[in-house]
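Structure first, commentary second.
Proteins come first, then strands; the chains are lettered A, B, ... in the order of their sequence lines, and each starts at number 1.
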There are 2 protein chains.
Amino acid sequence: MNNMAQAKSTYQFEDLLEKHQLKKTGARLRVLSMMYAKNTATSQPDLESVLNDIDRVTLYRILNVFEEKGIIHKVFDLNGTANYAVCSSGCQEHHHHDEHLHFNCTNCKGVFCLNEIKFPTINLPAGFHADGFTVYASGLCAKCSKMQ
Amino acid sequence: MNNMAQAKSTYQFEDLLEKHQLKKTGARLRVLSMMYAKNTATSQPDLESVLNDIDRVTLYRILNVFEEKGIIHKVFDLNGTANYAVCSSGCQEHHHHDEHLHFNCTNCKGVFCLNEIKFPTINLPAGFHADGFTVYASGLCAKCSKMQ
DNA sequence: TTGTAAATGCAATACTGTTGCATTTGTATT
DNA sequence: AATACAAATGCAACAGTATTGCATTTACAA
Ligand SMILES: [Mn+2]
Ligand SMILES: [Mn+2]
Ligand SMILES: [Zn+2]
Ligand SMILES: [Zn+2]
């Protein structure tokens, strides 16, 4: 849950890129270090404003290839804004396992991937067949709860 | 679940507008009849292409005021596209009760509001306090399941 | 019938995301 | 170290989504 849990050095990011047969470029390393430094998902607008010297198109292409490779996953928050988060584990190229709960804090706007929460099986009306579930919760995160 | 369940006449749409102190205009009645005629949510692109003689800005303003009044609710599908659906009941101005399951059919792209499905309480990590949940399922709807 | 607030249409603008193409760069090979 | 090439980047153009301001029209109450 804390930042250090995912903290990685540049060398490890380089290894990650190499593992996925992606060239080690400055832009990609910066995107990785920005996303790995946080315990929440990062919104597209945030990525764009912080990494504002990287061309927008390049940023989109980096995000797309990282998603394809199973390095990050995309999650829309409750306002429909795209957010990107580091995949926990078990995600491979074109084959994600990110069916965890997403918590949207209404105060700090943080989007948390709560991998540890198992949500129960949900039954559906006759005839409906689900191959995946996405669960969102909105409210106050731990930090914001304390401050109220 | 079938269309007739929500079928309404123009008079009833006029009553609905009057109840919410909205003027009875052609554009508003057409938006209502389009949305009430279906048992799925309607995407913004669909609304725009079908009601293409209504100015886009007017359409957005109609959707926004209907949402404020609790007549419809907005739901993003799994691609982040805005969809609008008739509120079931209990929705009032600035106070919605639309915490039902949303089913996204990967075949027909339909977004179904499954009011009848009660999803179980989901517990959260210490400190997190949810005031609402949104659950999405993706897969095949009843109609598309049959056809496969 | 008239007056007026509400609703609409239109122009302009901002944001999100994609495509095509020329240029640059990372890296494997020599 | 130099070369060679695919991959990555930057830039321009474009499409789609959504909002704001303002002039005009319309619904409806008086
Ligand atoms: Mn996640
Ligand atoms: Mn719904
Ligand atoms: Zn928070
Ligand atoms: Zn279907």
**Asked** A:Glu68 has an atom CD; how far is it from atom P of D:dA8, in whole Å?
**Response** 11 Å
**Asked** Which listed nucleotide (C:dT18, D:dT9, D:dC22) is nearest to the side chain of B:Arg61?
**Response** D:dC22
**Message:** Between P on C:dT27 and CD on A:Gln21, what's the gap in Å once rounded to a whole number?
**Reply:** 13 Å
**Message:** Nearest whole Å is fine: how far is D:dT9 C1' from A:Leu51 CG?
**Reply:** 15 Å
**Message:** Expressed as a whole number of angstroms, how long is the span from A:Glu18:CD to D:dA7:C1'?
**Reply:** 15 Å
**Request:** Compare the minimum distances between each of C:dA7, C:dT8, C:dT19 and the side chain of A:Val57, then state the nucleotide with the smallest one.
**Result:** C:dT19
**Message:** It should be established whether B:Arg56 places a side-chain nitrogen or oxygen under 4.0 Å from OP1 or OP2 of nucleotide D:dA18.
**Reply:** no
**Item:** Separation of D:dA18 P from B:Asp55 CG (nearest whole Å)
**Value:** 15 Å
**Message:** Please report the distance, rounded to the nearest Å, between CG in A:Leu17 and P in C:dT25.
**Reply:** 18 Å
**Message:** C:dT18, OP1 or OP2 - any side-chain N/O from A:Asn64 closer than 4.0 Å?
**Reply:** yes
**Request:** Nearest-nucleotide wise, let me know which of B:Lys24 and A:Ile54 is further upstream toward the 5' end of DNA chain D.
**Result:** A:Ile54
**Message:** Within this structure, what is the CG-CG distance for the pair A:Leu101 and A:Asn115, rounded to the nearest 0.5 Å?
**Reply:** 9.5 Å
**Asked** Which nucleotide in the set D:dT17, C:dT8, D:dA8 lies at the smallest distance from any side-chain heavy atom of B:Ile62?
**Response** C:dT8
**Request:** Nearest whole angstrom, please: distance from the P of D:dA29 to the CG of B:Leu22.
**Result:** 13 Å
**Request:** For the residue pair A:His102 and A:Tyr136, categorise the inter-ring angle as parallel (less than 30°), tilted (30 to 60°) or perpendicular (more than 60°).
**Result:** tilted
**Request:** Measure from the side chain of A:Gln44, starting at C-beta and using heavy atoms only, and say which of C:dT16, C:dA5, D:dT17 lies closest.
**Result:** C:dT16
**Asked** Is it true that A:Lys24 and A:Asp15 have a side-chain N and a carboxylate O under 4.0 angstrom from each other?
**Response** no
**Message:** Just N and O in the side chain of B:Tyr60: are any of them under 4.0 Å from OP1 or OP2 of D:dT19?
**Reply:** no
**Asked** Is A:Thr25 near enough to D:dA7 that one of its side-chain N or O atoms lies under 4.0 angstrom from OP1 or OP2?
**Response** no
**Prompt:** Counting distance only, does the side-chain N/O of A:Asp46 pair as donor-acceptor with the main-chain N or O of A:Ser43 below 3.5 Å?
**Reply:** no
**Prompt:** Tell me: CG of A:Leu59 to P of C:dT18, nearest whole Å?
**Reply:** 11 Å
**Complete:** The residue, B:Glu48 or B:Gly26, whose nearest nucleotide of DNA chain D is more 5′ is B:Glu48
**Asked** For B:Gln12 and B:Tyr36, does a side-chain donor sit closer than 3.5 Å to a side-chain acceptor?
**Response** no
